[in-house]
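Notes for the one structure printed next.
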Amino acid sequence: PGNLHAMRVVPDARWLLVNDDGSEADDEGELVLLGMHCATRGYLGDVAASQRLTGGFALPTSERFHTGDVFRRLCKSTKGTTQWLTHVCRRDDLLVHSTGEMTNPLPIEEALHGKCSQYVVRLCVLGRQRTHPFVVLEPRDKMGFAISAARDRVARSIDELNATLPGYSRIPQRGVLWLAPEELPLATSMKGNVIRGQAETRFANRMDTAAFTEEQDTLSGEDSISLTAKPQHLAALAEASQVLAARGHMMFVMMFEVCR
């Protein structure tokens, strides 16, 4: 079908694509294998993998294997013709927001890391049962700090990505969470992937705080989506002003001592 990632379904294989509630999906859903020998003996002993489907529709078999993988049907075909599927993501990678919409974090992570790998070791998009995604980033700086150049690059990259995403999948200004030195590193699996579920739990308080601050920004009329809408040099000016004020105070004390 012109897609290098397409997989042809084995003839006579019995399978379904299902929604979260167990009902049969039309174009995209978790792949469920049906019938005898649909999975190895080890998988068949997995209660979670061989769970019964819900939704109230009859199935031709009592044996089924939930693969945990979400697939998309590339083209609808009539019975007896070749069918093609393409892999979307792992089911446990999908972010189901509190609004019911779903975000696939994998392409967002891949695109963002591709733009910011100079400054970011690894990152992870979170946001289960939240109104929008968050992203936690592990800085590449040896001291563990996110330097201003890194923050600027990430801000611009997220603004560019947000322009291509639906509203519920956009990462707002307060949704960017840089790891502090004492929080390093992000926990990863043996394959080197960030463990999303663990990160959701670990940074739940930070996401709660960011969501509250974002709500306050909204009430005050500030832009909470665009990360570059406000001049990035304002923070640097404020920091410079604090340094000058401290030096001025020190000079005043020294002059006062000399006069005495």
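Along the sequence shown, residues are numbered consecutively beginning with 1.
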query = Taking all atoms of both residues into account, what is the closest heavy-atom pair of Leu177 and Met207, and its distance?
reply = CD1-CG, 3.8 Å

query = Which pair of heavy atoms, one from Arg202 and one from Pro185, lies closest together, and at what distance?
reply = NH1-O, 3.1 Å

ask   = Hey, quick one: are Leu17 and Val88 part of the same hydrophobic cluster, counting side-chain heavy atoms closer than 4.5 Å, chains of contacts allowed?
value = no

message = Are Phe71 and Thr86 packed together at the side-chain level, in the sense that at least one heavy-atom pair is separated by less than 4.5 angstrom?
response = no

inquiry  = Give me the atom names and distance for the closest heavy-atom approach of Ser169 to Met102.
reply    = OG-O, 4.4 Å

inquiry  = Counting C-beta onward and ignoring hydrogens, is there a side-chain heavy-atom pair between Met7 and His87 closer than 4.5 Å?
reply    = yes

ask   = Hey, are the side chains of Arg90 and Asp69 touching, using non-hydrogen atoms and a 4.5 Å cut-off?
value = yes

message = For Met143, is there any backbone N or O sitting under 3.5 Å from a side-chain donor or acceptor partner on Asp141?
response = yes

key: Which residues share a side chain to side chain contact (heavy atoms under 4.5 Å, CB included) with Ser189, sequence neighbours left out   = Lys191, Asn193, Ile195

inquiry  = With a 4.5 Å cut-off on side-chain heavy atoms, are Arg196 and Glu109 touching?
reply    = yes

Tabulate below the donor-acceptor pairs under 3.5 Å that side-chain atoms of residues 115-125 make, not counting sequence neighbours, or state none.
unit_1	atom_1	unit_2	atom_2	d
Lys115	NZ	Glu160	OE1	3.1
Arg122	NH1	Glu138	OE1	3.1
Arg122	NH1	Glu138	OE2	3.2

ask   = Do Thr131 and His97 have a side chain donor and acceptor closer than 3.5 Å?
value = no

message = If hydrophobic clusters are built by linking Ile, Leu, Val, Met, Phe, Trp and Tyr wherever their side-chain heavy atoms come under 4.5 Å apart, do Leu165 and Val176 end up in the same one?
response = yes

task = Can you see which heavy atom on Tyr168 is nearest to which on Pro133, and at what distance?
result = O-CD, 3.3 Å

query = Does the pair Val136 and Trp178 meet the rule for a side-chain contact (heavy atoms from CB on, under 4.5 Å), with working shown?
reply = CA-CA 6 Å; Val136 291; Trp178 285 93; over 6 Å; no

ask   = For the residue pair Thr164 and Leu161, what are the closest heavy atoms and their distance?
value = OG1-O, 2.7 Å

N/O donor-acceptor pair under 3.5 Å between Ser157 side chain and Arg153 backbone = yes

message = Within the 4.5 Å heavy-atom criterion, are Val154 and Asp152 side-chain neighbours or not?
response = no

ask   = Can you check whether Leu106's main-chain N or O pairs, donor with acceptor, with Asp93's side chain at less than 3.5 Å?
value = no

Backbone N/O of Asn19 and side chain of Ser23: donor-acceptor pair under 3.5 Å = no

task = Identify whether Ile108 and Leu95 are in the same connected component of the hydrophobic contact network (ILVMFWY, side-chain heavy atoms under 4.5 Å).
result = yes

inquiry  = Less than 4.5 Å apart, side chain to side chain, heavy atoms only: is that true for Leu34 and Trp15?
reply    = no

inquiry  = The test is side-chain contact (heavy atoms from CB on, under 4.5 Å); show your working for Gln216 and Arg174 and say whether it passes.
reply    = CA-CA 11 Å; Gln216 299 304 306; Arg174 301 290 185 182; over 6 Å; no

message = Main chain of Pro105, side chain of Thr103: is a donor-acceptor contact present, judged purely on distance under 3.5 Å?
response = no

key: ILVMFWY network linking Leu126 to Ile171, side-chain heavy atoms under 4.5 angstrom   = no

query = Is the side chain of Arg73 donor-acceptor paired with the backbone N or O of Asp26 at a distance under 3.5 Å, no angle test?
reply = yes

message = If you define the side chain from C-beta out and look only at heavy atoms, does anything of Leu179 sit under 4.5 Å from Phe203?
response = yes

message = Just so I know, are the side chains of Leu85 and Leu74 near enough to count as touching, which here means a heavy-atom distance under 4.5 Å?
response = no

ask   = Counting N and O atoms only, with roles assigned by atom type, does the side chain of Arg72 sit under 3.5 Å from a partner on the main chain of Glu28, one being a donor and the other an acceptor?
value = no

message = Does atom CD (Gln129) have a neighbourhood of more than 12 heavy atoms from anything else shown, all under 6.0 Å?
response = yes

query = Just by modelled atom types, is the Val70 backbone N or O under 3.5 Å from a matching donor or acceptor in the Glu30 side chain?
reply = no

From CA spacing to verdict: side-chain contact (heavy atoms from CB on, under 4.5 Å), Ile158, Val135 = CA-CA 10 Å; Ile158 291 180; Val135 60; 4.1 Å; yes

message = Pair Asp159, Gln173 - check side-chain contact (heavy atoms from CB on, under 4.5 Å), show working.
response = CA-CA 9 Å; Asp159 271 353; Gln173 178 181 5; over 6 Å; no

